[in-house]
Amino acid sequence: MLLDGLNEAQKGAVEQTEGAMLIIAGAGSGKTRTLTYKIAYLIEKGVSPFNILALTFTNKAAQEMKERITNLVGPSAMQIWMGTFHSVFSKVIRIEAQRLGYLSNFTIYDTNDSKNLLKAIIKDFSLDDKIYNKSFVQNRISAAKNNLISPVAYKQNVQLMQEDESCGKKYLSDIYIEYNLRLRRAMAMDFDDLLFNMNVLLRDNPDLLLKYQEKFQYVLVDEYQDTNYSQYYIIKKLSARFKNICVVGDDSQSIYAFRGANIQNILNFQRDYKDAKVFKLEQNYRSTQNIVNAANSLIEKNVGKIKKNVWTSNVQGDKITYQELSSDKEEASYISGQILKRISYQGVKHSDFAILYRTNQQSRAIEESLRFQNIPYRIFSGLSFYDRKEIKDLLAYFRLVVNNYDDEAFIRVINFPARGIGETSIGKLRIFASENNISLFASAQRAKEMSSDLRCANKIEDFVTMIKTFSLNLQQEDAFTLGSQILAGSHIIKFWKEDEDPGSDNKIENIEELMNALQAFVDSEEDAILDELTGEEISLKNKTLDVFLQQVSLMSETDRQEEGNEDTVSLMTIHAAKGLEFPYVFVAGMEENLFPSVLSLGSRDDLEEERRLLYVAMTRAEKELFLTCAQARYRNGQMNFNDPSRFIDEIDSQYLNGAIAKQDSIKPYKQEETFKPKPHLTKLNSSLPNPIGGTPVKDLGSFALGMRVFHDKFGSGVIKELEGKGDDTKALVVFDNAGEKKLVLRFAKLKKQE
DNA sequence: AGGTACTTATAGAGT
DNA sequence: ATAAGTACCT
């Protein structure tokens, strides 16, 4: 019988098929399993896979779930629409593009493209790019889009306009307007547009609303705690007709507020859907009692959350190890030492270990140590394959061929490899383009009629002709064939072969890897879900370059990873570790200002998110968990000193080994309650005074040569030299017991003695 | 126009 | 520490 392997709570959640329901799934409680069986159960009950929509957090998760369901109910499972919000709805938008005034070969701009575009606009508006920092502007626009605030609505919103004005950015709304205009001119959408425009489609086209409501009779959403308002609204509308909406999540694992996720979506679900049934999965099958209890004791410190009692009947296990080390280097070698010890004496595999950290830059020291010890490792995320220059260049050629209006792609390749079209000429094209409100490519096509003479008009014409020739073949050739022609026509390989730099061989290998991916895409089986739509839809099943590009733009680094058969240690950020589990887990960098991040200290909501992040990290571990802290760490080229993370104190010490009671270090975190209220748009107030580096600058001028000072770690000593001034003052201190140290006063927290 | 040398911004998680 | 931007030279 299908449901025999499930516990009572899981079974209940599976058997409730109709109506609205919320499944609160604690860490390690078999959530994926439950969801898998639930979908299989629906199909077995006679629901057509065509009528099921399942939204997951990564494409990889979707793929794995599909495979499992296929194992349970057979190949019809391949017909389920399953994937991330972005990938599923980008397909819908592709199909219905005309309703939005787009063609289906529109480009998806990634964050980088967005920022470049914003930079150009800020420059064109003659605004100060320090005040109008492109990352800030991008965040603000993204937040607006995620809250379904259009440029016009933004301008009419008194509160938003006042916020902008009060921080000296009154033209932000104008930038937003221009940004959207230029996106449209480039026939491009950014990530947020995919969701925003899906909402527009459903709002403005009653026939389409009905069509997709009829199609998606059963809507299931995984990781519901990490959905934003735009996503919330899409599924609300889609499920309004049949009212079969099942959301699964854990409010304690909500870690994407920075990206617009709204934890209220899950907290308010019952208010929103009055008849909603609630199921709680509370038994943890993953971790030892010590790990579960320790994680519980931490997350208890959060105020806003749904009551639940996560427990386990697993063995008690070892206590969690907390280890302070003197530096990031020591921390790294401690970790590799612990790994080596377990591998040589206990026959544990490399792949049983994960090293998790808050920020990507922490991987460096750890990598060095692992390499030194010959421990095989694999780093997830970091500089993604698709972020590499050589890959982006070639993809830009592809993009321009697929969509001639794609201005960001045009800028990237018009003179790469160098073909004698310089800044001056490109500037003239830009002006012509904005005067006539056309794309750069269209301007290039009309180079001859431009008033100012273009000395390189012939070269531009050659380039245009080349791209156009490829474009003509877009629907005739498969992605690999056309891609190879473009690669040859671009002379990119020739460029890297002639390049002296030793890194260029690797670049060529990467390009070859991309070509392999193209070949694999062409050879792959047709995606059955694309076959299913009938009527006026364009064909999505061709293995052409445009389809490849759309797939690739929404692929994350974790989606890309092959099923790793290699036996390696995994290194990744905690965010990337969401949903994974490992027998042995190290969480590195348990320090104030790093974890919790210095940027989170300004609000309780942000701090609670950091706490949930640690909760996620801890609950990845099955058998053994290590938390490490480095007293000194290189950051931004400078040595940095931080206290151990406040979170260490928050974990009940009975589950912890190695915690050192701090005698006299003062921890001023009791001020939690004094945080200022947040405006309703997440992150929209992050422009408020927030000094880079975070630590308030104290009176650094009060130290003098020969003065006796005290340092928390190094003890007493005498200042031998002082150099630099202001923020950068450094002191050479001769410590009584710790030798000479050069300290940055801003970080070192030196105290005067006597 | 293209390349090199110096300057300066940026260092939070990622679809 | 590093990437990206600018100034200047060939």
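Below, chain A is the first sequence line, B the second, and so on; all start at residue 1.
A:Glu610 comes within 4.0 angstrom of a nucleotide base, judged by non-hydrogen atoms across all strands. Within the nucleic acid shown, A:Asn415 comes within 4.0 Å of sugar-phosphate atoms alone, with no base atom in reach, counting heavy atoms only. Counting any heavy atom pair closer than 4.0 Å across all strands shown, A:Lys119 reaches sugar-phosphate atoms only and no base atom. Nucleic acid contact for A:Tyr634: none, since no nucleic acid atom lies under 4.0 Å from a heavy atom of the residue. Using a 4.0 Å heavy-atom distance criterion, A:Thr111 is classed as a base contact.
An OP1 or OP2 oxygen of C:dT2 is reached within less than 4.0 angstrom by a side-chain nitrogen or oxygen of A:Arg364. Distances shorter than 4.0 Å separate some side-chain N or O of A:Ser425 from OP1 or OP2 on B:dA1. Applying the 4.0 Å criterion to OP1 and OP2 of B:dT15, one finds that A:Thr58 has every side-chain N and O outside that range. The side chain of A:Thr359 places no N or O atom within less than 4.0 Å of a non-bridging phosphate oxygen (OP1 or OP2) of B:dA11. One finds no side-chain N or O of A:Lys578 lying less than 4.0 angstrom from the OP1 or OP2 phosphate oxygen of B:dA13. For the OP1/OP2 pair of B:dG14 and a distance below 4.0 Å, the side-chain nitrogens and oxygens of A:Asn360 include at least one atom meeting the criterion. When the side-chain nitrogen and oxygen atoms of A:Arg635 are compared with OP1 and OP2 of B:dT10, none of them lie within a distance under 4.0 Å. The phosphate of B:dT10 (OP1 or OP2) has no side-chain N or O of A:Gln361 nearer than 4.0 angstrom.
The distance between the ring centers of A:His575 and A:Phe380 does not fall below 6.0 angstrom. Between A:Tyr256 and A:Phe57, the ring centre distance stays below 6.0 Å. Ring-centre distance between A:Tyr229 and A:Tyr233: below the 6.0 Å cut-off.
Summarising the geometry, the separation between CG on A:Leu599 and C1' on B:dA13 is reported as 11 Å, rounded to the nearest angstrom. Rounded to whole angstrom, the span from the CG atom of A:Asn116 across to the P atom of C:dA3 amounts to 16 Å. Atoms CD (A:Gln231) and C1' (B:dG14) sit 13 Å apart, rounded to a whole Å. A:Lys459 has its NZ atom 7 Å from the P atom of B:dG2, to the nearest Å. Atom CE in A:Met572 sits roughly 18 Å away from atom C1' in B:dG12 (whole-Å rounding). Atom CG in A:Asn59 sits about 9 Å away from atom C1' in B:dT15, given to the nearest Å. If you measure from atom CG of A:Leu195 to atom C1' of B:dG14, you get 14 Å, rounded to the nearest angstrom. Put simply, CG on A:Asn133 is 14 Å from P on B:dG12, counting in whole angstrom units.
Using bins of under 30°, 30° to 60° and over 60° for the plane-to-plane angle, the ring pair A:Tyr102/A:Phe106 lands in the perpendicular bin. The aromatic rings of A:His86 and A:Phe191 sit perpendicular to each other, their planes meeting at more than 60°, with 30° as the lower class boundary.
In this structure, the nucleotide among B:dT15, B:dA9, B:dG12 sitting nearest to the side chain of A:Arg358 is B:dG12. Proximity note for A:Phe258 (side chain, C-beta onward) versus B:dA13, B:dG12, B:dT15: the nearest is B:dA13. Side-chain atoms of A:Phe191 lie closest to B:dT15 of the nucleotides B:dG12, B:dG14, B:dT15.
Comparing A:Asp192 and A:Arg419 by the nucleotide of DNA chain B that holds the closest heavy atom to each, the one mapping nearer the 5' end is A:Arg419. Of the two residues contacting DNA chain B, namely A:Ile421 and A:Ser142, the nearest-nucleotide position lying further toward the 5' end is that of A:Ile421.
The existence of a salt bridge linking A:Asp222 and A:Lys31 is confirmed by a sub-4.0 Å separation between a basic side-chain nitrogen and an acidic carboxylate oxygen.
Judged by centroid separation below 5.5 Å and plane tilt below 30°, A:Tyr256 does not stack onto the base of B:dA13.
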**OP:** Please assess A:Leu55 against A:Thr84 for the test side-chain contact (heavy atoms from CB on, under 4.5 Å), listing each intermediate value before the final yes or no.
**Re:** CA-CA 5 Å; A:Leu55 297 164; A:Thr84 61; over 6 Å; no
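For the C1' atom pair drawn from B:dA13 and C:dA4, the interatomic distance equals 23 Å after rounding to whole Å.
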